[in-house]
Amino acid sequence: MREPSQQEQRVLTTIAGIPEGFVATYGDCSPGAPRLAGAVLRYTDRPLPWWRVVRADGSLTQGSRQHALLDAEGVPFKGARVDLSIARYFPEDSP
DNA sequence: GTGATGACGGAAA
DNA sequence: CTTTCCGCCATCA
């Protein structure tokens with residue numbers, strides 16, 4: 001297994017630290033390189049809560065599966081998007 | 001080794 | 001409101 005870079009490490013740590021009922025954006029997990037966050041979720045073998053990661057505008061990337069999981073956690077929706085003004089999680093408080 | 005791809009973001013038109 | 005374009009970085013072919 002390859003040693004995770006500092007940026008990858010941040011992505012892993014951030015996603016793992018998202019509390020139930022909240023979400024974080026790709027940009028929050030990987031500032032300056034949001035595509036990296038997407039790549040990590042695609043290729044990692046770690047058990048991460050991938051459904052709690054949404055686009056910067058609150059729209060989902062994994063359609064109904066993601067919607068169902070978030071809805072089950074009580075994440076507030078505004079139409080087809082997550083209401084980030086309520087459910088957004090800010091990783092700066094997390095290690 | 002080079003080039004294309006993608007679970008993105010933000011600005012511009 | 002929508003569409004287009006460029007930057008970003010690990011993985012894939």
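Proteins come first, then strands; the chains are lettered A, B, ... in the order of their sequence lines, and each starts at number 1.
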Closest to the [X] side chain: [options]?
X: A:Ala33; options: B:dC8, C:dC8, C:dT11; result: C:dC8
X: A:Glu8; options: C:dC12, C:dG7, C:dA10; result: C:dA10
X: A:Ala56; options: C:dC12, B:dC8, B:dG9; result: B:dG9
X: A:Leu36; options: B:dG6, B:dC8, C:dA10; result: C:dA10
X: A:Gln7; options: C:dA10, C:dC9, B:dC8; result: C:dC9

(message) For B:dC8 and A:Arg55 - does any side-chain N or O of the residue sit under 4.0 Å from the phosphate oxygens OP1/OP2?
(response) yes
(request) For A:Asp57 and for A:Ala39, locate the closest nucleotide of DNA chain B by heavy-atom distance; then report the residue assigned to the nucleotide nearer the 5' terminus. (result)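 Of the two residues, A:Ala39 wins.
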(request) Rounded to the nearest 0.5 Å, what's the gap from CH2 on A:Trp51 to CD1 on A:Ile15? Could you check? (result) 11.0 Å
(request) Could you tell me the separation between the CZ atom of A:Arg52 and the CG atom of A:Leu70, rounded to the nearest 0.5 Å? (result) 8.5 Å
Length of the [atom1]-[atom2] vector between [X] and [N], whole Å:
X: A:Lys78; N: C:dC1; atom1: NZ; atom2: C1'; result: 16 Å
X: A:Tyr26; N: C:dG7; atom1: OH; atom2: C1'; result: 18 Å
X: A:Arg81; N: C:dC1; atom1: CZ; atom2: P; result: 6 Å
X: A:Trp51; N: B:dA7; atom1: CH2; atom2: P; result: 19 Å
X: A:Arg42; N: C:dC9; atom1: CZ; atom2: P; result: 18 Å
X: A:Leu41; N: C:dA10; atom1: CG; atom2: P; result: 15 Å
X: A:Gln9; N: C:dA10; atom1: CD; atom2: C1'; result: 15 Å
X: A:Arg35; N: B:dG9; atom1: CZ; atom2: P; result: 10 Å

Under 3.5 Å, which donor-acceptor pairs do the side chains of residues 77-84 of chain A form with other protein atoms, sequence neighbours left out?
from    : atom 1 : to      : atom 2 : distance (Å)
A:Asp83 : OD1    : A:Ser85 : N      : 3.2
A:Asp83 : OD1    : A:Ser85 : OG     : 2.5

(message) I'd like to know if the side chain of A:Trp50 pairs up with that of A:Gln62 as donor and acceptor (distance under 3.5 Å, no hydrogens or angles considered).
(response)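 Per modelled atom types, A:Trp50 and A:Gln62 side chains form no pair under 3.5 Å.
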(message) Is it true that A:Thr61 and A:Tyr26 share a donor-acceptor pair across their side chains at a distance under 3.5 Å?
(response)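 Per modelled atom types, A:Tyr26 and A:Thr61 side chains form a pair under 3.5 Å.
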(request) Check step by step if side chain to side chain contact (heavy atoms under 4.5 Å, CB included) holds for A:Val11 and A:Gln7. (result) CA-CA 6 Å; A:Val11 174; A:Gln7 275 202 321; 5.8 Å; no
(message) My understanding is that only residues two or more places apart in sequence, or in another chain, count here; which of them pass side-chain hydrogen bond (donor to acceptor under 3.5 Å, both in side chains) with A:Arg65?
(response) none
(message) So if I take residues 62-71 of chain A and measure heavy-atom distances to DNA chain C, which residues fall below 4.0 Å?
(response) none
